[in-house]
Peer 1: 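Before I ask anything, let me first share the structure, which is written out below as structure tokens.
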Amino acid sequence: MSESAARPVGVLVMSYGTPESMDEIEAYYTHIRRGHPPTLEQLEDLTARYRAIVGGVFPLRENTNRQVAALQRTLDELAGAGRYVCYQGLKHAKPFIEDGIAAMAKDGIREAVGIVLTPQYSSMSVGSYLKRAKDEAEKQGIAFAGVEQYHLHPELISALAKRVASGLDKFGDARGDALVLFSAHSLPQRIVEIGDPYPEQLLETSHAVASAADVGRWQFTWQSAGQTGQPWLGPDILETLESLAREGIRSVLVAPVGFVSDHLEVLYDIDIEASRFASERGIRLERIEMLNDDPQYMRALADSVRAAEKELAG
């Protein structure tokens, strides 16, 4: 065990981030675009999407705060109070990833574990988060270990399977005719060329959840692709729904297994945009409840953090 083992281990909980108010949308969007301000049309479109979800409430920030607090409680229950101290680090909003590491250093943390609120690994998402955290940790003299993925953790699969089963119950007598449509955030097509595991891990998660929930009919689709002028992974969920409508499918349960909380890509892209699109084509579309601070999900995170800590001790 390291000489600093008597000190608490810092846990940096990372996610994409979201603005805290409508006034911060432009700065947030500019950060996503690597310092390039959005056009007026792009800004108006994103602002309208935020206004459309629960009157402009920013649920991702609130949910992330609750998730960090719930993970802290879970770690305290499993390892005793004071063994771990959770910090938050966001990719595109304050507190940034570097801010979280700096806060650790200020508090005297010398060992830290980083975990991203995304179960599946991609070099463009989880990998980039962990690199930023590790680089800053090295500057601050903090030993750092990162959790790369937990997409098949039994607690995660169980929690998702329960949500799929209860989601199918919404269809009543038509339950057996419903198709489960697993989804995740699309990424640029070029990740396939470099052998990125993201698509494969998402299919592994989907297959495991379908098996645990005893689902016979399911597909996987992508959603929320960026507008960058380059090819993104597809088909998009709207294209998939179009195809399903032509096939005569009338009941669809969306299970966004690449997301872990209620936020814009769920509350707008699925609940508003995809639902409207499906309804226009005679499809009843329902969605599973998101994990948010579900106790099983928190245990999956806590187990992953404790396993990664062993790298520090080794």
Side-chain angles (χ1 to χ4, degrees), residues 12-65 68 87-103 114 116-118 122-136 139 183-191 194 196 198 222-234 236-238 256 258-274 276-277:
L12 185 65
V13 186
M14 294 172 276
S15 68
Y16 197 77
T18 193
E20 288 189 280
S21 69
M22 303 296 279
D23 293 337
E24 295 183 7
I25 293 178
E26 184 172 7
Y28 169 72
Y29 208 170
T30 299
H31 194 275
I32 291 175
R33 291 166 50 83
R34 300 175 185 273
H36 300 288
T39 64
L40 180 60
E41 182 180 3
Q42 290 171 328
L43 181 60
E44 289 178 345
D45 177 67
L46 184 59
T47 301
R49 287 170 179 255
Y50 272 115
R51 285 202 180 103
I53 56 172
V54 201
V57 172
F58 293 83
L60 177 55
R61 177 60 63 93
E62 296 171 1
N63 284 334
T64 303
N65 292 342
V68 175
Y87 298 78
Q88 189 173 153
L90 306 176
K91 184 176 183 180
H92 292 298
K94 296 179 180 179
F96 292 106
I97 291 170
E98 293 78 9
D99 297 332
I101 294 292
V116 183
L117 296 177
T118 300
S122 170
S123 58
M124 291 185 65
S125 58
V126 173
S128 66
Y129 288 67
L130 294 177
K131 184 180 186 304
R132 280 176 59 177
K134 185 175 182 179
D135 287 349
E136 185 63 26
K139 294 177 184 178
S183 71
H185 203 302
S186 181
L187 287 178
Q189 179 72 36
R190 67 176 184 271
I191 70 167
I194 63 175
D196 194 286
Y198 184 62
W222 299 98
Q223 64 168 92
S224 311
Q227 306 298 318
T228 62
Q230 60 181 307
W232 284 58
L233 296 170
D236 179 75
I237 188 171
L238 301 186
F259 302 100
V260 297
S261 70
D262 292 304
H263 53 69
L264 195 67
E265 286 79 5
V266 172
L267 299 177
Y268 186 88
D269 294 358
I270 295 176
D271 291 359
I272 296 178
E273 187 175 54
R276 181 171 55 224
F277 188 89

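Along the sequence shown, residues carry numbers from 1.
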Peer 1: Give, for atom CD of Glu98 and atom CG of Leu12, the distance between the pair rounded to the nearest 0.5 Å.
Peer 2: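 The CD atom of Glu98 sits 9.5 Å away from the CG atom of Leu12.
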
Peer 1: Indicate the atoms forming the closest heavy-atom contact of Leu187 with Ser122, along with that distance.
Peer 2: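 Nearest pair, atom of Leu187 first, then Ser122: CD1-OG, 3.3 Å.
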
Peer 1: Would you mind telling me which of His92, His263, His31 makes a ring-ring contact (aromatic ring centres under 6.0 Å, His included) with Tyr16?
Peer 2: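 Only match with Tyr16 under ring-ring contact (aromatic ring centres under 6.0 Å, His included): His92.
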
Peer 1: Of all heavy-atom pairs between Arg33 and His36, which one has the smallest distance, and what is that distance?
Peer 2: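 That closest heavy-atom pairing would be NE-O, 2.9 Å.
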
Peer 1: If you look at every heavy atom in Ser123 and Ile194, which pair is closest and at what distance?
Peer 2: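 Ser123 and Ile194 have their closest heavy atoms at OG-CD1, 3.8 Å.
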
Peer 1: Below 4.5 Å, heavy atoms only, C-beta onward: do Ile53 and Asp271 meet side chain to side chain?
Peer 2: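 No. Closest side-chain heavy atoms not under 4.5 Å.
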
Peer 1: Does the Arg132 side chain pair with the main chain of Lys91, one donor and one acceptor, at a distance under 3.5 Å?
Peer 2: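 Yes, Arg132 side chain to Lys91 backbone: donor-acceptor pair under 3.5 Å.
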
Peer 1: Does any non-hydrogen side-chain atom of Ser125 lie less than 4.5 Å from one of Val116?
Peer 2: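 They are not in contact (no side-chain heavy atoms under 4.5 Å apart), so the answer is no.
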
Peer 1: Mark yes or no for whether Asp99, through its side chain, and Phe96, through its backbone, hold a donor-acceptor pair below 3.5 Å.
Peer 2: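 Pair found, side chain donor or acceptor close to backbone of Phe96.
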
Peer 1: Any salt bridge linking Asp135 with Lys131? Criterion: basic side-chain nitrogen under 4.0 Å from a carboxylate oxygen.
Peer 2: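 Here Asp135 pairs with Lys131 in a salt bridge, since their nearest N and O are under 4.0 Å apart.
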
Peer 1: Please round to the nearest 0.5 Å and tell me the distance separating atom CD1 of Ile32 and atom CD of Gln42.
Peer 2: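 Reported value, rounded in 0.5 Å steps: 11.0 Å.
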
Peer 1: Tell me, yes or no, whether the heavy-atom count around Gln230 atom CD, taken from other residues, nucleotides or ligands under 6.0 Å, exceeds 12.
Peer 2: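 It does: Gln230 CD has more than 12 such atoms within range.
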
Peer 1: If we only count heavy atoms from C-beta on, is the Leu130 to Met14 side-chain gap below 4.5 Å?
Peer 2: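 Answer yes - side chains close enough.
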
Peer 1: If I compare all heavy atoms of Ala274 with all of Ile237, which pair ends up nearest, and what's the gap?
Peer 2: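 Reported closest heavy-atom pair: CB-CD1, 4.3 Å.
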
Peer 1: Taking the six-membered ring for Trp, are His185 and Trp232 parallel (under 30°), tilted (30 to 60°) or perpendicular (over 60°)?
Peer 2: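 His185 and Trp232: tilted rings.
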
Peer 1: Looking at Gly89, is its backbone amide N or carbonyl O close enough to the side chain of Tyr129 to form a donor-acceptor pair, meaning the two atoms are under 3.5 Å apart?
Peer 2: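 No, Tyr129 side chain to Gly89 backbone: no donor-acceptor pair under 3.5 Å.
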
Peer 1: Could you pull out the closest heavy-atom pair between Leu90 and Ser15, with the gap in Å?
Peer 2: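 It is CD2-OG, 3.1 Å.
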
Peer 1: Please assess Glu136 against Ile97 for the test side-chain contact (heavy atoms from CB on, under 4.5 Å), listing each intermediate value before the final yes or no.
Peer 2: CA-CA 8 Å; Glu136 185 63 26; Ile97 291 170; 6.0 Å; no

Peer 1: Is Asp196 salt-bridged to Arg190, cutoff N-O under 4.0 Å?
Peer 2: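 No, Asp196 and Arg190 are not salt-bridged.
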
Peer 1: Establish, from distance only, whether the side-chain atoms of Tyr50 and Thr18 form a donor-acceptor pair under 3.5 Å.
Peer 2: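 Short answer, yes.
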
Peer 1: Please report the interatomic distance CZ(Arg61) to OG1(Thr64), rounded to the nearest 0.5 Å.
Peer 2: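 So the gap between those two atoms works out to 7.5 Å.
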
Peer 1: Between Ile270 and Ser183, does the side-chain contact (heavy atoms from CB on, under 4.5 Å) criterion hold? Intermediate values first, please.
Peer 2: CA-CA 10 Å; Ile270 295 176; Ser183 71; 4.3 Å; yes

Peer 1: Under a 4.5 Å cut-off applied to non-hydrogen side-chain atoms, are Ser261 and Leu117 in contact?
Peer 2: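 No, every pair of side-chain atoms sits at 4.5 Å or beyond.
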
Peer 1: If I take atom CE from residue Met22 and atom CG from residue Leu46, how far apart are they, to the nearest 0.5 angstrom?
Peer 2: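 Met22 CE to Leu46 CG: 8.5 Å, rounded to 0.5 Å.
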
Peer 1: Quick one: OH on Tyr198 to CD1 on Ile191, what's the gap to the nearest 0.5 Å?
Peer 2: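 Separation between the atoms: 7.5 Å.
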
Peer 1: Find the distance between CD1 (Ile25) and OG1 (Thr47) and round it off to the nearest 0.5 Å.
Peer 2: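 It is 4.0 Å, given to the nearest 0.5 Å.
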
Peer 1: Which atoms form the tightest heavy-atom contact between Glu24 and Glu20, and what is the distance?
Peer 2: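 That closest heavy-atom pairing would be OE1-N, 3.2 Å.
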
